[in-house]
Amino acid sequence: QAGEPEVEVFSVPSYACQRRTSLENHNAPLTDALSLLAENAELNDEEGRGVAFRRAAALLKTLPSAVMSASQLRGLPCLGEHSLREILETGTSTEVESTKGSERFKALKVLTGIFGVGAKTADRWIREGIHDLHQLRASGQHYADINQPVTRAEADAIEAIVEKAVSSVLRGAQIVLTGGFRRGKPSGHDVDFLITHPEEGREEGLMPKVVSWLEKTTRNSYLESKDGPGRPPSNMDRFERCLSIFKLPGAAETPQRAWRAVRVDLVVSPISQFAFALLGWTGSKLFERELRRWAGHERGMSLSSHALYDNKQVNEGAASEEEIFAHLGLEFVPPSERNA
Ligand code: ATP
Ligand code: MN
Ligand code: MN
């Protein structure tokens with residue numbers, strides 16, 4: 001009979017790790033608005049609010065079609081008190097608009113867009129009256145490159161270099177591209193690699209060798225490296241992480257510079273922990289957060305990039321990502337569907 005067209009009421013599992021989230025997003029206007037609010041919260045050190053907005057955005061990213069009315073979202077988790085209805089009806093919300101117009105938000109965006117500048121530094125500069133790049137330059141501050149997305153082609157070029165470095169310093173050592181590029185993203189803020197060797201233990205001491213090979217061999221085209229964030233002291237952690245800056249020959253858009261800086265994240269893992277490292281470093285960040293939340297809250301387990309422990313502290317080994325999902329009681333989600 002004639003009447004209201006049927007509207008689909010969406011139903012979605014609570015945890016992002018129970019869902020498939022490809023790069024195809026039918027609700028970009030909504031998720032852009034929520035991501036902006038998330039970013040603003042994060043830039044202001046409001047972690048809890050940031051996560052709430054990220055979860056809401058992730059939920060909308062997984063829907064199979066565009067949301068037409070708020071009634072389709074009834075009963076969905078994470079979408080509670082946000083101004084979604086307002087955004088749906090008007091295309092934006094007062095909070096989104098006031099954030100966009102906020103001088104502080106604009107300044108935080110510009111300043112954290114500089115290589116190596118985080119929210120804390122940006123906040124200090126703003127309090128010193130520095131809101132943009134002109135004022136920063138006038139203040140005499142040294143500052144590095146403006147962040148520019150890394151393309152897939154650049155990632156491939158860097159992969160070839162890292163591959164060469166790794167196999168030159170240790171025969172049989174292997175690398176895998178992780179992070180956003182493994183999930184199929186066309187660009188990223190850095191390039192992430194995981195390095196291992198099929199024989200347990202052979203990977204020990206590999207990172208310094210790789211780094212010094214890169215410094216020596218590629219002479220002009222490299223490298224500042226520093227150790228990653230503090231590692232746990234236990235000898236269980238034989239990982240090493242290195243955040244480096246590669247100097248790539250300059251892009252056409254920046255003819256005034258002979259090179260541009262690209263962040264490269266290198267992680268070494270023993271083969272026994274490789275599956276956990278691969279899962280942990282593929283992301284997305286929210287997907288990882290949700291995996292750990294699922295493990296803890298629903299399974300009484302503890303998941304890291306090294307291991308999975310059950311509540312009796314028994315170490316659940318795994319030779320593949322598939323096995324880890326199985327241990328967690330989750331359906332396997334391939335990397336291209338982890339773009340939550
Ligand atoms: P982009 O394309 O912007 O780089 P990305 O998804 O690759 O996006 P990254 O920040 O490079 O994001 O992080 C990649 C993965 O590494 C994420 O899953 C994140 O959880 C993980 N990761 C990042 N930093 C750490 C850390 N300090 N410890 C453990 N895992 C981390
Ligand atoms: Mn990355
Ligand atoms: Mn990274």
Side-chain angles (χ1 to χ4, degrees), residues 115-116 118 144-145 147 150 154-183 188-248 259-285 288 303-308 315 317-321 324 335:
F115 222 97
D145 278 357
N147 284 336
V150 188
E154 287 169 330
D156 292 341
I158 289 170
E159 179 167 24
I161 298 169
V162 175
E163 174 98 61
K164 182 127 192 285
V166 165
S167 58
S168 301
V169 300
L170 180 64
R171 190 196 304 264
Q174 291 159 5
I175 68 164
V176 184
L177 187 62
T178 59
F181 287 110
R182 181 163 184 251
R183 304 197 308 275
H189 96 285
D190 69 357
V191 193
D192 306 282
F193 295 101
L194 183 58
I195 305 169
T196 192
H197 190 284
E199 245 176 88
E200 183 80 4
R202 295 289 301 281
E203 80 295 339
E204 274 179 67
L206 185 52
M207 187 70 87
K209 288 184 198 145
V210 171
V211 169
S212 77
W213 189 96
L214 287 168
E215 278 166 346
K216 241 179 279 154
T217 316
T218 56
R219 216 162 299 150
N220 157 46
S221 55
Y222 282 72
L223 200 141
E224 287 160 34
S225 61
K226 58 178 164 84
D227 290 328
R231 289 174 290 137
S234 89
N235 62 356
M236 185 216 84
D237 183 15
R238 289 184 290 146
F239 270 71
E240 277 186 81
R241 181 185 185 191
C242 168
L243 306 162
S244 358
I245 295 177
F246 279 42
K247 294 178 180 174
L248 278 192
W259 51 270
R260 81 175 192 93
V262 174
R263 272 182 252 224
V264 177
D265 230 347
L266 302 174
V267 176
V268 172
S269 155
I271 192 73
S272 59
Q273 300 178 6
F274 181 76
F276 295 99
L278 184 61
L279 180 59
W281 290 91
T282 295
S284 68
K285 284 204 179 72
E288 302 294 337
L303 174 69
S304 74
S305 298
H306 314 276
L308 178 64
N315 187 346
S320 65
E321 289 185 321
I324 302 171

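Keep in mind that this is a model prediction, so the values were computed, not measured.
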Between Val211 and Cys242, does a side-chain contact (heavy atoms from CB on, under 4.5 Å) hold up when you go through it step by step?
CA-CA 9 Å; Val211 169; Cys242 168; 3.8 Å; yes
Can Val166 and Phe193 be said to form a side-chain contact (heavy atoms from CB on, under 4.5 Å), step by step?
CA-CA 11 Å; Val166 165; Phe193 295 101; over 6 Å; no
Testing the basics here: between [X] and [Y], what is the closest heavy-atom pair and its distance to 0.1 Å?
{"X": "Gly205", "Y": "Glu240", "result": "N-OE2, 4.2 Å"}
{"X": "Met207", "Y": "Leu266", "result": "CE-O, 3.3 Å"}
{"X": "Ala275", "Y": "Ala319", "result": "CB-C, 3.9 Å"}
{"X": "Pro198", "Y": "Gly172", "result": "CD-O, 3.3 Å"}
{"X": "Trp213", "Y": "Ser168", "result": "NE1-CB, 3.3 Å"}
{"X": "Gly188", "Y": "Phe181", "result": "N-CZ, 3.6 Å"}

How many angstroms lie between [atom1] in [X] and [atom2] in [Y], if you round to the nearest 0.5 Å?
{"X": "Gln273", "Y": "Thr196", "atom1": "CD", "atom2": "OG1", "value": "9.5 Å"}
{"X": "Ile195", "Y": "Ile175", "atom1": "CD1", "atom2": "CD1", "value": "7.0 Å"}
{"X": "Arg241", "Y": "Ser269", "atom1": "CZ", "atom2": "OG", "value": "14.0 Å"}
{"X": "Leu278", "Y": "Ser305", "atom1": "CG", "atom2": "OG", "value": "10.0 Å"}
{"X": "Leu194", "Y": "Trp281", "atom1": "CG", "atom2": "CH2", "value": "9.0 Å"}
{"X": "Ile161", "Y": "Thr217", "atom1": "CD1", "atom2": "OG1", "value": "10.5 Å"}

Can a salt bridge be assigned to the pair Glu288 and Lys285 using a cut-off of 4.0 Å between side-chain N and carboxylate O?
no
Between Glu215 and Lys209 (salt bridge meaning N to carboxylate O under 4.0 Å), is one present in this structure?
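Here Glu215 does not pair with Lys209 in a salt bridge, since their nearest N and O are not under 4.0 Å apart.
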Checking side-chain contact (heavy atoms from CB on, under 4.5 Å) between Leu177 and each of Val191, Ile158, Thr282, which is the one that passes?
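For Leu177, the side-chain contact (heavy atoms from CB on, under 4.5 Å) test succeeds with only one of Val191, Ile158, Thr282, which is Val191.
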Going by heavy atoms in the side chains, are Leu206 and Val169 under 4.5 Å from each other?
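SC-SC contact between Leu206 and Val169 confirmed.
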Non-hydrogen side-chain atoms of Glu203 and Ile271 separated by less than 4.5 Å:
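Answer no - side chains too far apart.
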Keeping the roles fixed (side chain from Gln174, backbone from His197), state whether a donor-acceptor pair exists under 3.5 Å.
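Side chain of Gln174 to backbone of His197: no pair is present.
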